[in-house]
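See structure below.
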2 protein chains.
Amino acid sequence: MSHSENGVGVRQAQKLQSRRALLDAGLHLLEQQNLSGLGVREVTRAAGMSPAGFYRHFSGMSELGVTLVEESLASLHGMIRGAFAEQRGQQDPEALIDSAVEVVAAHVREHRAHVRFLARERHGGVREVREAIGAELRRFADEVAGALAAQPVSRGWSAEEVRMLAELYVDLLVTSATAFLEAGPEGEREVARTARTRLRLISVGRRHWHEG
Amino acid sequence: MSHSENGVGVRQAQKLQSRRALLDAGLHLLEQQNLSGLGVREVTRAAGMSPAGFYRHFSGMSELGVTLVEESLASLHGMIRGAFAEQRGQQDPEALIDSAVEVVAAHVREHRAHVRFLARERHGGVREVREAIGAELRRFADEVAGALAAQPVSRGWSAEEVRMLAELYVDLLVTSATAFLEAGPEGEREVARTARTRLRLISVGRRHWHEG
DNA sequence: TCATTCAGTAAACAACTGTTTGCCGACTCG
DNA sequence: CGAGTCGGCAAACAGTTGTTTACTGAATGA
């Protein structure tokens, strides 16, 4: 019995390592540049590989970009699920807001380059990447909508109203994430404070929405 | 007396026309591309000019970018002032929200390329342009803060609370603008509807903020 | 009228680009 | 062991790029 069935041969591992090197090099270069201006040679040079080698892993730059999108949002998805798990255990909306903001802050702290990439390419010049980010964000809103619908505060809200609200929350969190990014570590507390205030303002509006 | 004192000689006019051609060509190319990937030769070719001519007008690409930023926000500024003028004449917050959203919608409708440029480069790879957009947006928030402070609803709000609120409004309007952009003309009504709902939700939250 | 200014040009610079080709050599697997 | 797979490389392709140079010729203004 060889390692053919678990897919972790020496060969496979080396290929994956090269692929990782390309992705890391690309991510690094994209901190000061846009994807639409990133070159194949530039990336391979930074990854210590010959230009031709790039095409063993990606058909072109936009494919590398889409891969980075998936990678960037995968970890966030996990953290969000964690935050929702906390919600089930406790009902205080203040605490939920605090933990949501903290989740975002932590994610930006630990995945700076990925988040910067998302912010930069969300409206960037490469359509495939833009669409990938948009689709992922829409799925994200789906999850939030599901969680909101389960809250007792949502009694009397239609499905589309809840969906709207979810999109608002997502947009606010995305905005907060880019604010964390621009503020840097020293301004983190301040950004978190305004993010919490914004969310609380929505909370209040939500409670008094159906009153006339 | 020649035209030396009003600056509208034939020479000046021709130069301005060329400059305009460069800016228009750039703006057009930037609809499918990022500034960090835009080339001097590319722009001059599209503008019907020799590459060297570019440097008679701009020191480099980022200077052209900053010029486009100023240009892009100048018209919006005017429209915003108009919307605020309407406010003074009438107190219904619903109507103010409606007119604010309509101002944004109209601006996107009439300046698609400029708005797309702003959305694309707001977090783009060219620092000078990013900073120019950020500064302009902050001035925008100043104006909104001033207008909010004048509203009777703001009684009991501190200056920083009002400022926070103004930034929230600006972020929401910017988000709405990019939503208009992505939706296209046919989805405009829908985007306007959710934009209004968001603003109303904030309105409600604002009224009930200081209640415990 | 006539010297001056200056927007725009053509040409040259060295360096860069994406992509394809054929090849090598280490891994894979019966 | 031996045939086959395949990730990575060097080289060549036919362009492209930003920027500087010295120039031309029309607009300028005394």
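Quick note on labels: first sequence line is chain A, next is B, and so on, each numbered from 1. What's counted below: heavy atoms across the whole structure, side chains too, no hydrogens, waters or symmetry copies.
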Q.
Between B/His107 and B/Ser75, does the side chain to side chain donor-acceptor pair (under 3.5 Å) criterion hold? Intermediate values first, please.
A. CA-CA 8 Å; B/His107 188 258; B/Ser75 56; 3.1 Å; yes
**Q.** Steps toward side-chain contact (heavy atoms from CB on, under 4.5 Å) verdict (A/Glu121, B/His123)
**A.** CA-CA 8 Å; A/Glu121 301 302 329; B/His123 305 287; over 6 Å; no
Q: Please step through side chain to side chain donor-acceptor pair (under 3.5 Å) for the pair A/Glu143 and A/His77, ending with a clear verdict.
A: CA-CA 9 Å; A/Glu143 283 191 71; A/His77 245 76; 2.5 Å; yes
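The two residues B/Ala141 and B/Ala166 come nearest to each other via the heavy atoms O-CB, 3.6 Å. Among all heavy-atom pairs drawn from B/Arg196 and B/Val101, the shortest one is CG-CG2, 3.8 Å. The nearest pair of heavy atoms linking A/Gly39 to A/Met61 is O-CE, 3.5 Å. Taking every heavy atom of both residues into account, A/Gly125 and B/Asn34 meet most closely at N-OD1, 2.9 Å.
For B/His28, the NE2 atom is loosely surrounded, since the number of other residues' heavy atoms within 6.0 Å does not exceed 12.
The phosphate of C/dC27 (OP1 or OP2) has a side-chain N or O of A/Gln14 nearer than 4.0 angstrom. Regarding contacts with the backbone of C/dT20, every side-chain N or O of A/Tyr55 stays at 4.0 angstrom or more from both OP1 and OP2. One finds a side-chain N or O of A/Arg45 lying less than 4.0 angstrom from the OP1 or OP2 phosphate oxygen of C/dT17.
Rounding to whole angstrom units, NE2 of residue B/His57 and P of C/dA7 are separated by 7 Å. What separates CD of B/Glu42 from P of D/dT16 is a distance of 12 Å, to the nearest Å. Between A/Arg19 atom CZ and D/dC6 atom C1' the separation is 16 Å, expressed in whole Å. In this structure, the CZ atom of A/Phe54 is 14 Å from the P atom of D/dC9, given to the nearest Å. Between the CG atom of A/Leu29 and the P atom of C/dT17 there is a distance of 11 Å, given to the nearest Å. The distance between atom CG of B/Leu64 and atom C1' of D/dG18, rounded to the nearest whole Å, is 15 Å. For B/Gln12 and C/dG8, the CD to P distance is 11 Å, given to the nearest whole Å. Rounded to whole Å, atom C1' of C/dG18 lies 15 Å from atom CG of A/Leu22.
Atom OG of B/Ser154 is separated from atom CD of B/Gln151 by 5.5 Å, given to the nearest 0.5 angstrom. With rounding to the nearest 0.5 angstrom, the CG atom of A/Leu68 is 9.0 Å from the CG atom of A/Leu118.
Relative orientation of the A/His114 and A/His111 rings is perpendicular, given thresholds of 30° and 60° on the angle between their planes.
Taking 4.0 Å as the cut-off between side-chain N and carboxylate O, A/Asp142 and A/Arg138 do not count as a salt-bridged pair.
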Do any N or O atoms of the protein come closer than 3.5 Å to N or O atoms of nucleotides 2-6 of chain C, and which pairs are they?
unit_1: C/dT5; atom_1: O2; unit_2: B/Arg11; atom_2: NH1; d: 2.9
unit_1: C/dT5; atom_1: O2; unit_2: B/Arg11; atom_2: NH2; d: 3.1
unit_1: C/dC6; atom_1: O4'; unit_2: B/Arg11; atom_2: NH2; d: 2.7
unit_1: C/dC6; atom_1: O2; unit_2: B/Arg11; atom_2: NH2; d: 2.5

Collect all protein-nucleotide pairs involving nucleotides 10-12 of chain D in which both atoms are nitrogen or oxygen and the distance is under 3.5 Å.
none

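Using a 4.0 Å heavy-atom distance criterion, B/Gly39 is classed as a sugar-phosphate-only contact.
Remark: DNA chain D takes part in the stems C:1-12 with D:19-30, C:14-17 with D:14-17, C:19-30 with D:1-12, each of 3 or more antiparallel Watson-Crick or G-U pairs, criterion distances under 3.5 Å.
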